[in-house]
Structures are given as structure tokens and as C-alpha cells.
Peer 1: 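Once you've had a glance at the structure underneath, I'll fire off some questions.
Atoms within each ligand, like the ligands themselves, are counted from 1 in listed order.
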Amino acid sequence: MSTLKKQAARGQDSQVLPKVPVPPLKQTLDTYLKCVQHLVKDEQFKKTKTIVEKFGAPGGIGEVLQKKLLERRDKTANWVYDYWLEDMYLNNRLALPVNSSPAMVFPKQTFRDHKDALRFAARLIRRVLEYKSLIDARLLPVDVARGQLAGTPLCMKQYYHLFTSYRYPGLKTDTLKVDMNTASSTSEHMIVACKNQFFMLDVVANNKQLNETEILSQLEKIMKMSENAEEKHPPFGILTSDDRTEWAQAREALIKDQTNQDSLALIESSICVVCLDEPCGLPPSDTNRALMMLHGGGCERNGANRWYDKSMQFVVGMDGVCGVVCEHSPFEGIVMVQCSEFLMKHITGSPLRTVQPSSTRALSPPRRLLWKCNSHIQALLGASGDRLQRLVNNLDMDVFTFETYGKEFIKKQKMSPDGFIQVALQLAFYKCRRRLVPTYESASLRRFQEGRVDNIRSATPDVLAFVKSMANEGATFTDSEKMKRLKDALKAQTDYTIAAITGMAIDNHLLGLLKVSKELKMERPDIFCDETYLASNHFILSTSQVPTTVEMFCCYGPVVPNGYGTCYNPQPHHIVFSVSSFWENTETSSAVFVKALNESLLEIGDLCNRSAAAASQPTESSQAACQPHKSGK
Ligand code: COA
């Protein structure tokens, strides 16, 4: 092992990061009131204020719960981890596709034929094995924070979950099983899905990993076997696309048979799933490729060629539509990006290495997974297929690249690109609905032991003041007034961001207090029964920055029926947005939101340009600043 590798390994093993703090109770309660005041009616707010004050009063319930949380912090590596995991993922009964599992969409590949696609898949599998070896040996270099508060090392634990996790469906709550074992005892097979059939691909033979040519030859065998109509099994993967309780019930029916138990055990213990998809028959636009990654296009396309419980599913479409679908509970999108970039950086470009026939071994064909079906299971498959189709029909997706400027322009204004984009999203929503709504932006907690995320509540009072000025609501605002409000909004956003990434946001804390009250078997405290609390956790705007350094983008669905999922990828000179909503909801439309977002970014950009121009011409600017100015357009 090289010295550098040894250092990297030591770096990961000896990572001693601070524990996530428990914020002071009063600070959280004050921030909570500030976050909700402008989002609820005055009457409701008065009620909420009284409830919150009672909760936080000396000797009140809040203090009791806070004390318990502080004790929990002492006893655990991360006091919020399990609470958060259950609340965010495991207790959620909604289907994983669209509602929970994000996807990375790779650039459209050009395959001349099936063999080209299989070559791509073989190379991808090789790269996965190389990446996994680095993880198992704890040899990945430690990530270091960029952006706000740059330079601190980040927790690497999420990487260990990439190829060792499985989410089991449960009747009431799911279970995430993570096998943290390292190199010595890890799994040596992957599952390949092809034409809705599942195959076990051993990636090691006689103690030696398969090379690219050997993997290619195994994939060719799989493709051939999948075409054999006589051995075809029903599309069992469709069950994993269902609501979690439905899938848990179906799984109980499946495991009554030993054959099914054996097949499930092989999938559950695999490294990952590789889905060889049929051509989807749609133009390969960014939006269509995102849709195919998120739901596979339902039973008519590749929706059953998946196993959603498995953390990493690599999709290789024969038409060049490729990407990764992730079960979200074991890790965040940022880790999924790091892995995807490692794979893609070395796959595209170089031709498949020609390996001499003597160096390829004669391997026995991969094993087809067998299933036992009966009329009950057949009916369950049909019902799951129908529900997936409804989800497919319902997803309104719009992937939009804003090309007028990117983060370099924003930095030149001496503004935070992330804050700026968040403000633009708020303005876009305001343009659509004339109000702001509770908004979620993920903030990484990886500066702490086992850190996952907390929430930046981006719909601040300051951004409301800004968007009103842009709409010239109540008065006509000058550019300098708008600019002042923009800067205030950005400051509020950046302050919240810094609070969140240093463990001082309110969402995890409030959740912790609620969970502790449950553990103490208390009656649910009023603060958590209050209409404001419930509304403030209904995230109509669910947003996340997922930046990439190679050409690819992330997407996900809305988290509530009347909401938008908005993932963005700021690049130096453009920004990619993946906007999703549900067709069944009459209040939302991804196209309408995208249009408003485009206008918002142009208008804010224009405002910055005008203000900069005015500032560089002092005499004219003081005159211009006095003139009422209709912004944008
Ligand atoms: N003037 C000039 N430049 C500025 C600036 C300013 N006022 N403020 C920030 N910048 C620069 C930063 O230095 C940084 O520079 P770099 O690109 O050279 O590193 C860049 O602009 C980006 O900073 P910013 O836009 O402020 O945001 P960030 O990169 O710190 O990101 C979060 C903020 C909240 C997105 C980030 O902290 C985070 O938590 N990311 C993880 C999100 C996540 O988990 N997503 C997946 C969920 S599944």
C-alpha cells in the first residue's frame, strides 16, 4: 500500500468529528416562531405563540424534554440519527419510486447496438468493483467541506452504506439493514435485471474478480437467457415499487415458499442491481431520461426491471438512457454523486480494452433467480403494476437549464450562489401563488459524527419582503430598495445556512423533542398538535442543491401531493433545475413553475446588472435610484 493510501486510510479510521449539538431550547423556539409568523394567519400565530411560550416556560415540558435530549447526546454518537431516519424514511409508507428515491441521470450514451450497451455495463460494473474496494479498504480520501465554512473534514460513514445496505419493507415501519463489514467478508455478487428477470452475477471466480471481458461475456449470456420465453418468470420486481405496507404484505406471501426466500436472500445480500433496460421508445430529452430513471416508465416499459429496496441500481438502457436510482435512507445525494462521478469519469471515452482470449476464463453462466407464483401473488403483481402506472401518469417533470448565467456571475455580485438560487425559487413560487410556503432545503451535517442533514427554512420573512418589492406590491419600489431587500434576504438565507450546517437549525431539534415525549409516553405536547406545526412540516417546496463536476444531474419527486420537488445543479455558467410536481394536483404545474423561475432569475440578474451599472456611474445612479423602476422583463 502506498504511503498516500495509508494516510488516507488512517484519515478515515481515525476520524474524530464532533457530535451534533443540541441547540438551546429558547433559541429553537424563537427561531420557530420567526419562521412561521409570516406563513400563517395572524389569529393562528397568536395561538401558536401562546402554546410555544408555555412549552418553553421555566419548569415547562420543553425543559424536561431538552434535558433528556442532552442525556441522549452524551450516550450516542449522533442523538438525532435514528429519530431522523425513522421520520424521514422508514416510517414513510409511500412507494419508493418518485416519492423517495432520487436518481442521477447520466448524459445520453450513443450505443450502436446491444453489444455496445453491454460493454458500457461491463465497464460500469468493473468501476463499481474498484470503487467498492476503495471503500472496503477505507481508502477514499476524506471529503473536505467547500462553500460556506470551507475546509473542515466531513464524515465518511455514508460511503460505507453504498453497497452494503438493504431496506426491508415492514407493515408499520421499514428496517434499514447495513452490513458495515469491510473487504474480508463482503458480498461477491450483483443482481442483473433484464426483461424483468433477475440473474445472479458472481463477480469473483476462483478468488479473482472478473475482468471487463469476462463480465461482458456473462452479460451476453444473461441477455440470451432473458429471451428464453419458456423460463420466463412473472415481473416480481414490480412489487418493490409499491407502497411500503403493500409490499411488506406481498413479501410475507412470497416468503411462504422456500424458492422465493432464496431469491430474496440473494437480492438482499447483493452488492447492487444493474438494470439492462429495453429502449424506452421516447425522445431522449433531459426530462424523459429523468422520468425513466425515477419510475422506469411503468410496466409497459422498464418499471418492473427494478428492485427498489436495494440502495444502488445502475440503469443501462439499450437506447443509451442511463443513470443510477438510489434508495435514499442509507446516504445523501452528495455521496451518490461522488460515486457516480468516479464511475463516469473513467467509463466514457476510452474503448474497451481488448483482453486476449487466454486471459478470459470459461465461466459457468449466471444463475436465473427462480420464483414461485400462485393466483394470490399474481393478483398482487397486477395491483402493484396498476399503482405504479398511476404514479407514472401522475409525475409532471420538467428539467430546465437556465443558460443566461451560472454561479460565476452570482459570485461576482459578492453573493452566495446557493442563497441566490433559493431566493429565485421563492420569487418563482410567489409569482405562481402570491404567497410563500414552508420550504425545505437540505443542509449537510457531515461536519459531525454520522451527520446526515437538517433543514434550511428558506421562506424567510426577509425573502417575503424582497419578493413583494419585486412584485411592486403595496408600493412601487426603486432598484436600490429592491437591492437592499435582496441583500437582506441573502443575508437571512446565508445566516440560516450557517446555523444549519453547524447543527443549530430547528427541524431536527423539534423532531427530537417530539420523539423524546413519545418515549416518555407523554401525551403529545400541544406545540406538536398545533395547526402551525403541522402546516410548517408540509413542505410544498422541497429543494436541494446537488452539484456535479461532470455532466449529469440529479432529480427527485415532490414530497407532498400539492408540492414541487426542485433539485438544482449550479455550474459556472448555467444552472440545471429538475422540477417535479403531480398532474393530479390542480394547483401545481412544473412548466408554469419553470417559466416563473426563468423570469425570476432573469429579473434578479437584471436588477444586479442595473445596480452595478448605476454604482459605476455615481451621478446618474443617484438620479436613477430615485426613479421608480419596473423590474425585469
Ligand atoms: N461572495 C462570493 N462568493 C461566495 C459568497 C459571496 N458572498 N458566498 C459564497 N460564495 C462562494 C463560496 O465560497 C463557494 O465557492 P466555491 O465554489 O469556490 O467553493 C460557492 O460560492 C458556493 O457557496 P454557496 O453557494 O454559498 O453554498 P455552499 O456551496 O456552501 O452550499 C449548501 C450551501 C447548504 C447547499 C451546502 O452547505 C450543503 O449543505 N450541501 C449539501 C446539500 C445536500 O445534502 N444535498 C443532497 C441532499 S439528498
Peer 1: List ligand 1 atoms under 4.0 Å from I456, heavy atoms only on the residue side.
Peer 2: 34 (C)
Peer 1: Which atoms from ligand 1 have a heavy atom of S442 less than 4.0 Å away?
Peer 2: 42 (C), 47 (C)
Peer 1: Given P417, P572, S458, A150, which one has a non-hydrogen atom that is nearest to atom 22 (C) of ligand 1?
Peer 2: P417
Peer 1: Taking both backbone and side-chain atoms of T497, is any N or O found less than 3.5 Å from an N or O belonging to ligand 1?
Peer 2: no
Peer 1: F553 and side chain to side chain contact (heavy atoms under 4.5 Å, CB included): which partner among T548, V546, V337, D286?
Peer 2: D286
Peer 1: CD/Q422 to CD/Q545 distance, rounded to the nearest 0.5 angstrom?
Peer 2: 9.0 Å
Peer 1: Write out the residue and atom name of the closest protein heavy atom to atom 24 (P) of ligand 1, then the distance separating them to 0.1 Å.
Peer 2: S416 OG, 3.6 Å
Peer 1: Can you tell me if M336 has a non-hydrogen atom under 4.0 Å from ligand 1?
Peer 2: no
Peer 1: In terms of residue, atom name and distance, what is the protein heavy atom nearest to atom 39 (O) of ligand 1?
Peer 2: S444 N, 2.7 Å
Peer 1: State whether the shortest distance between N or O atoms of Q148 and N or O atoms of ligand 1 falls below 3.5 angstrom.
Peer 2: yes
Peer 1: Could you list the atoms of ligand 1 found under 4.0 angstrom from a heavy atom of E332?
Peer 2: 48 (S)
Peer 1: With respect to atom 15 (O) of ligand 1, which of K411, K487, Q493 exhibits the smallest heavy-atom separation?
Peer 2: K411
Peer 1: Starting from atom 48 (S) of ligand 1, find the nearest protein heavy-atom neighbour and note its residue, name and distance.
Peer 2: G333 N, 3.2 Å
Peer 1: Number the atoms of ligand 1 from 1 as they appear, then name those within less than 4.0 Å of a heavy atom of H328, with their elements.
Peer 2: 48 (S)
Peer 1: For atom 12 (C) of ligand 1, what's the nearest protein heavy-atom neighbour? Residue, atom name and distance, please.
Peer 2: G147 CA, 4.0 Å
Peer 1: Which ligand 1 atoms are under 4.0 Å away from a heavy-atom of K407?
Peer 2: 17 (O)
Peer 1: From atom 36 (C) of ligand 1, is the closest protein heavy-atom distance below 4.0 Å?
Peer 2: no
Peer 1: Quick one: which ligand 1 atoms are inside 4.0 Å of a heavy atom on S544?
Peer 2: 45 (N), 46 (C), 47 (C)
Peer 1: Are any of the N/O atoms on A443, whether in the backbone or the side chain, positioned under 3.5 angstrom from an N/O atom of ligand 1?
Peer 2: no
Peer 1: Can a donor-acceptor pair be found, under 3.5 Å and without considering hydrogens, that links the side chain of N537 to the backbone of Y533?
Peer 2: yes
